[in-house]
A.B. asks: 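Let me begin by handing over the structure; questions about it come next.
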Protein chains: 2
Amino acid sequence: MENSKDIKGCLDVPDQGDATKTFEISAFFPYQTRVFYKSVSEAVAKVYIDEYDMKPYEWRALAILGKSNMLTPAQLVEESSMDKVTVSRAIASLSKRGWLRSRSNKMDGRSRIVSTSAEGQKAFANLVPKMRAVEHGILRCLDDHEAAEFKRIMQKIVDHQG
Amino acid sequence: MENSKDIKGCLDVPDQGDATKTFEISAFFPYQTRVFYKSVSEAVAKVYIDEYDMKPYEWRALAILGKSNMLTPAQLVEESSMDKVTVSRAIASLSKRGWLRSRSNKMDGRSRIVSTSAEGQKAFANLVPKMRAVEHGILRCLDDHEAAEFKRIMQKIVDHQG
DNA sequence: TAAATATAGTTTCAATAGAAACTACTCTTG
DNA sequence: CAAGAGTAGTTTCTATTGAAACTATATTTA
């Protein structure tokens, strides 16, 4: 490491204009979004880790298959916002737990139809109320109007981003 | 894979109650949050990748050091919402680019004081207006009131989550 | 003040994630 | 209908990440 007296830091660097002086990370929208996202996803993760030591992608796949049963991996990709590699691994690890069953897909020999087993449904049925509780816990600090507005705006931003 | 006729899927599994039937992932707040976060962070990543092929942690560290110069790694951890391992690597890789300089910390020999170099300031000065543009692009679809409300509620949720 | 304890930061190690390559099958077209 | 092109899903390979171990220094305490 260089010694204090050898280095002047940027204090002596010529002024780069106002832009750099006023950039406050805590006011930067994507930063706020990240902090918000982390806080929400940690609350959810606590549940599926505590209950079953699941991975995020396991929970996401189960959350979809628990309700919309009999999906192909491609349909799961579409619904889950996960890529096909992640979905493939999610199906593999949930199957290893005995929570999913696959049958052949008569429409396409490269594909298959994935469903939850009784065990998988049991885990899903256990998790869903706990997840609803987490969701309520997060939104508890908002009144109904605030919650609705927030969801509406979040969706609006996503739609406009592409 | 098991054959169709050997497997019944969950359709024959006893009813687990309403909870599982009405759980719709796309209406689940943490899921919406995740989709929202991904869309925002991709827009930001596009800039720092296109400009300098930076890693997320490099951008986050530079975003803070560009303005609040002369920080210890610990201060950077505090401000960045990154853990100390990630911060350590961020400092290492930005230093390798020649964008940061370190001097010894007279207050604590285990620590150091990190500052941006002229090169680092230049990159920061180039990135900041582009990041502001991304931020505006994201918020463009909202009126001022919506944007303010959204930020306020996002902060409120974070504060109440701990 | 020497020993024990605690802390700042780094490195190592193991787990996760995504890109690209691959396999097996389907679809198109000459 | 055979060859070539395209697609679904998996596997392999590489890079990123975080936890735990480690190093060096600071602080506490006997």
Side-chain angles (χ1 to χ4, degrees), chain A residues 1-4 34 37-38 41-42 44-46 48-49 52-61 64-65 70-97 100-115, chain B residues 1-4 34 37-38 41-42 44-46 48-49 52-61 64-65 70-97 100-115:
Chain A
M1 194 188 305
E2 305 169 67
N3 188 283
S4 287
R34 177 180 149 78
Y37 166 72
K38 279 180 74 170
S41 65
E42 267 163 31
V44 171
K46 181 161 173 34
Y48 60 67
I49 291 171
Y52 299 109
D53 196 24
M54 291 168 82
K55 308 295 173 198
Y57 55 75
E58 289 183 309
W59 155 245
R60 284 172 207 142
I64 292 166
L65 285 163
M70 313 256 293
L71 299 178
T72 63
Q75 290 172 317
L76 200 44
V77 167
E78 204 175 337
E79 292 200 36
S80 67
S81 80
M82 300 192 289
D83 65 39
K84 65 181 186 173
V85 177
T86 307
V87 164
S88 177
R89 286 196 268 243
I91 293 170
S93 59
L94 289 174
S95 298
K96 201 169 166 189
R97 284 177 187 264
L100 299 182
R101 292 293 142 88
S102 296
R103 68 176 72 171
S104 58
N105 181 354
K106 293 193 183 75
M107 299 292 99
D108 189 334
R110 297 164 301 183
S111 180
R112 52 173 166 156
I113 307 288
V114 182
S115 300
Chain B
M1 194 188 307
E2 304 168 69
N3 188 284
S4 286
R34 178 180 147 78
Y37 166 72
K38 279 180 73 169
S41 65
E42 267 162 32
V44 171
K46 180 160 173 34
Y48 59 68
I49 292 171
Y52 299 109
D53 197 24
M54 290 168 83
K55 308 295 174 198
Y57 54 76
E58 289 183 309
W59 155 246
R60 283 172 208 142
I64 291 165
L65 285 164
M70 314 255 292
L71 299 178
T72 63
Q75 289 171 318
L76 201 43
V77 167
E78 205 175 335
E79 292 201 35
S80 68
S81 80
M82 301 192 288
D83 64 38
K84 67 180 184 172
V85 178
T86 307
V87 164
S88 177
R89 286 196 268 244
I91 293 170
S93 58
L94 289 174
S95 298
K96 201 171 165 187
R97 284 177 188 264
L100 299 183
R101 292 293 142 88
S102 298
R103 68 176 73 172
S104 59
N105 182 354
K106 292 193 184 76
M107 299 291 99
D108 191 333
R110 296 165 301 185
S111 180
R112 52 173 166 157
I113 307 289
V114 183
S115 301

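Being a predicted model, the structure only gives us computed values, none of them experimental. Labels below follow one simple rule: chain letters A, B, ... track the order of the sequence lines, proteins then strands, and each chain is numbered from 1.
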A.B. asks: Could you give the CZ-to-C1' distance, from A/R112 to C/dT26, as a whole number of Å?
C.D. replies: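 Spelled out: CZ on A/R112 to C1' on C/dT26 is 18 Å.
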
A.B. asks: Of the candidate nucleotides D/dG9, D/dT25, C/dA15, which contains the atom at the shortest distance from the side chain of A/K55?
C.D. replies: C/dA15

A.B. asks: Rounding to a whole Å, what distance do you find between B/D53:CG and D/dT16:C1'?
C.D. replies: 14 Å

A.B. asks: With a 4.0 Å cutoff (strictly under), does any side-chain N or O of A/S88 reach OP1 or OP2 of D/dT10?
C.D. replies: yes

A.B. asks: Going by the rule ring-ring contact (aromatic ring centres under 6.0 Å, His included), which residues pair with A/Y37 if we only count those two or more places apart in sequence or in a different chain?
C.D. replies: B/Y37

A.B. asks: Nearest-Å distance, CE (A/M107) to C1' (D/dG9)?
C.D. replies: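 Spelled out: CE on A/M107 to C1' on D/dG9 is 18 Å.
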
A.B. asks: How many whole angstroms separate atom CG of B/N105 from atom C1' of C/dT7?
C.D. replies: 13 Å

A.B. asks: Atom CD of A/E58 to atom P of C/dA15: distance rounded to whole Å?
C.D. replies: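 Those two atoms, CD and P, are 15 Å apart.
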
A.B. asks: Can you check whether A/M82 reaches A/V77 side chain to side chain, under 4.5 Å on heavy atoms?
C.D. replies: no

A.B. asks: Among residues 76-86 of chain B, which residues get a heavy atom nearer than 4.0 Å to DNA chain D?
C.D. replies: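 DNA chain D contact set from residues 76-86 of chain B: B/D83, B/V85, B/T86.
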
A.B. asks: Any idea which heavy atoms bring A/Y57 and A/S93 closest together, and the distance?
C.D. replies: CE1-OG, 3.7 Å

A.B. asks: Can you measure A/L71 atom CG to D/dA8 atom P for me and round it to whole angstrom units?
C.D. replies: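 Taking CG of A/L71 and P of D/dA8, I get 15 Å after rounding.
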
A.B. asks: Measure from CD1 on B/I113 to C1' on C/dG9 and round the result to the nearest Å.
C.D. replies: 13 Å

A.B. asks: Do you know which two heavy atoms are closest between B/Q75 and B/M70, and how far apart they sit?
C.D. replies: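 Heavy atoms only, the tightest pair is OE1-O, 4.1 Å.
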
A.B. asks: Closest-nucleotide mapping onto DNA chain D: is B/G109 or A/R110 further toward the 5' terminus? I mean the 5' end.
C.D. replies: A/R110

A.B. asks: Classify the side-chain pair A/R112/A/S102 by whether it contains a donor and acceptor separated by less than 3.5 Å.
C.D. replies: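 On atom types as modelled, these side chains qualify, holding a pair under 3.5 Å.
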
A.B. asks: Can you tell if the side chain of A/M54 reaches within under 4.5 Å of the side chain of A/L94, non-hydrogen atoms only?
C.D. replies: yes

A.B. asks: For A/D108 and A/Y57, find the nucleotide of DNA chain C closest to each by heavy atoms; which residue's nucleotide sits nearer the 5' end?
C.D. replies: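 On the 5' side of the pair lies A/Y57.
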
A.B. asks: For the pair made of CD1 in B/I91 and P in C/dA8, what is the distance, rounded to whole Å?
C.D. replies: 14 Å

A.B. asks: Determine, step by step, whether B/R97 and B/E58 satisfy the salt bridge (Lys or Arg N to Asp or Glu O under 4.0 Å) criterion, reporting the C-alpha distance in whole Å, the side-chain angles of both residues, the deciding distance to 0.1 Å, and the verdict.
C.D. replies: CA-CA 10 Å; B/R97 284 177 188 264; B/E58 289 183 309; 3.0 Å; yes

A.B. asks: Among the candidates D/dG9, D/dG18, C/dG9, find the nucleotide nearest to the side-chain atoms of B/R89.
C.D. replies: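 Of the options given, the side chain of B/R89 lies nearest D/dG18.
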
